[in-house]
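As the structure lists them, so they are numbered: ligands from 1, and atoms in each ligand from 1.
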Amino acid sequence: MKCRKCGGTAVLELRRHNAAFCAPDFIEFFRRQVGEAVRRHRMFTREESVLVAVSGGKDSLGLWDVLLQEGYATTGLYLDLGIFDYSKESRAKCEAFAAQRGAPLLVVSVEQDLGAAIPEVQGATRRPTCSACGLSKRYLMNKAALEQGFPVVATGHNLDDEAATLFGSILHWQTEPLARQSPALPSTHPKLVRRVKPLYRLSERETAAYAFLRRIDYIVDECPFAKGATSLMHKEILNQLEDVSPGAKHNFLFGFLEKGRPAFERLADVTLNECARCGQVTTGTLCGFCKLSDQIKRAR
Ligand code: Q46
Ligand code: ZN
């Protein structure tokens, strides 16, 4: 197997691109794909400070690594979910990564803001753990960015994540999530920062290869709450399709973004208000995070 670029020995075959690359040319390919995502969706400029949400995993640390290499002004944001050893280990990975590169890292504790760590939420509300966790993460990312003056938050969602989310939304024809599914969500309110996903063009296998080749020390274990998650099942189904038809995941997601999403876009036009309690954006009177925090207080 030869590298498409230099003809040297390839270390990785990318069937969906009908190509193979040696290590330096794969790293170059990876960076170009991130660059293409940033340019195509005008995610951020070199003058802007980017808050990069890091979980300690290969995707988010890989993303931060590329942006640092490319000379973007970035700060990491680690949300401590309080999930037993998983959180302790993933926080240590983020802190070590930041220290090694002399990059700033903000750490925010969910327990402090919400009144309970993520594992305690299940006992206090009927909301599934991952749903409460996702809501809290989106809220705290936005809050941290607003408080610290960042115009944009970048997350490490990759092609597999995005295709699996799309698959789940289509299975249930959830029109609002379909309208919001995008590599770049604009700010539609002064208190809502932009959210972007610069890795959406790269598969999980490619982000794992990048992290390995760049010797990034990341947490391999999954969050204990991820076990049995339907999103993992959807990923598995899409991987089976990809095996028999390379490029299936890419075509599914990119075809939707080009041809399907415009049909749903107008559904994303909702009126945003400021939460009566915390001032962050919401479609109602109280935001979901404040409601969740109230439920936790009541349960105690
Ligand atoms: S961290 Fe949170 Fe995930 Fe763990 S509790 Fe679920 S949503 S699985 S990405
Ligand atoms: Zn609120």
Side-chain angles (χ1 to χ4, degrees), residues 52-63 77-91 93-94 107-147 153-158 160-165 168 177 189-193 195 197 199 204 207 218-236 272-298:
V52 186
V54 286
S55 66
K58 62 186 185 320
D59 304 299
S60 55
L61 290 182
L63 169 62
L77 169 66
Y78 176 76
L79 297 177
D80 189 340
L81 307 169
I83 303 177
F84 320 119
D85 287 349
Y86 168 75
S87 284
K88 284 190 198 123
E89 204 187 319
S90 57
R91 177 175 175 162
K93 298 283 184 202
C94 293
V107 176
V108 170
S109 150
V110 171
E111 186 170 8
Q112 231 168 43
D113 277 69
L114 186 63
I118 291 301
E120 295 167 47
V121 170
Q122 207 173 22
T125 79
R126 264 177 289 159
R127 210 179 173 124
T129 306
C130 285
S131 145
C133 179
L135 165 89
S136 305
K137 285 197 280 195
R138 284 190 297 277
Y139 176 92
L140 292 170
M141 271 183 226
N142 192 64
K143 183 169 178 251
L146 276 178
E147 286 175 355
V153 176
T155 59
H157 293 94
N158 59 39
D160 295 48
D161 297 323
E162 292 300 280
T165 302
H189 186 281
K191 287 202 164 175
L192 188 67
V193 299
R195 260 193 299 142
K197 301 164 185 169
L199 298 185
E204 198 155 312
T207 60
Y218 64 85
I219 183 164
V220 179
D221 292 340
E222 290 265 12
C223 166
F225 291 105
K227 279 194 197 85
T230 44
S231 60
L232 291 185
M233 212 162 64
H234 296 160
K235 275 189 182 177
E236 187 48 47
L272 292 175
N273 315 307
E274 288 184 20
C275 169
R277 172 95 44 84
C278 71
Q280 284 227 62
V281 291
T282 173
T283 48
T285 318
L286 266 195
C287 76
F289 189 81
C290 284
K291 282 186 198 158
L292 185 62
S293 153
D294 278 353
Q295 284 174 342
I296 287 165
K297 271 187 218 130
R298 275 200 300 272

Backbone of K191 reached by a side-chain donor or acceptor of N142 within 3.5 Å:
yes
Any idea how many protein N, O or S atoms are nearer than 2.8 Å to atom 4 (Fe) of ligand 1?
1
Counting only protein atoms, how many N/O/S atoms are less than 2.8 Å away from the Zn ion (ligand 2)?
4
When you measure from atom 9 (S) of ligand 1 to every protein heavy atom, which one gives the shortest distance, and what is it?
K137 NZ, 3.4 Å
Please answer whether the main-chain N or O of S87 pairs with a side-chain N or O of S90 as donor and acceptor at a distance below 3.5 Å.
yes
Kindly indicate whether the side chain of C275, heavy atoms from C-beta on, has any atom under 4.5 Å from the side chain of F289.
no
For D80 and V108, indicate whether the former's side chain and the latter's backbone hold a donor-acceptor pair under 3.5 Å.
no
NZ on K88 to CG on D85, rounded to 0.5 Å:
5.0 Å
Donor-acceptor check, side chain of D59 to backbone of H157, threshold 3.5 angstrom: yes or no?
no
Spell out, as yes or no, whether a donor-acceptor pair under 3.5 Å connects the side chain of S60 to the backbone of S55.
yes
In terms of side-chain geometry, is the basic nitrogen of D161 or K235 positioned less than 4.0 Å from the acidic oxygen of its partner?
yes
Side-chain heavy-atom pair I83, P224 within 4.5 angstrom cut-off:
yes
Under 4.0 Å between a Lys/Arg side-chain N and an Asp/Glu carboxylate O for K291 and D294?
no
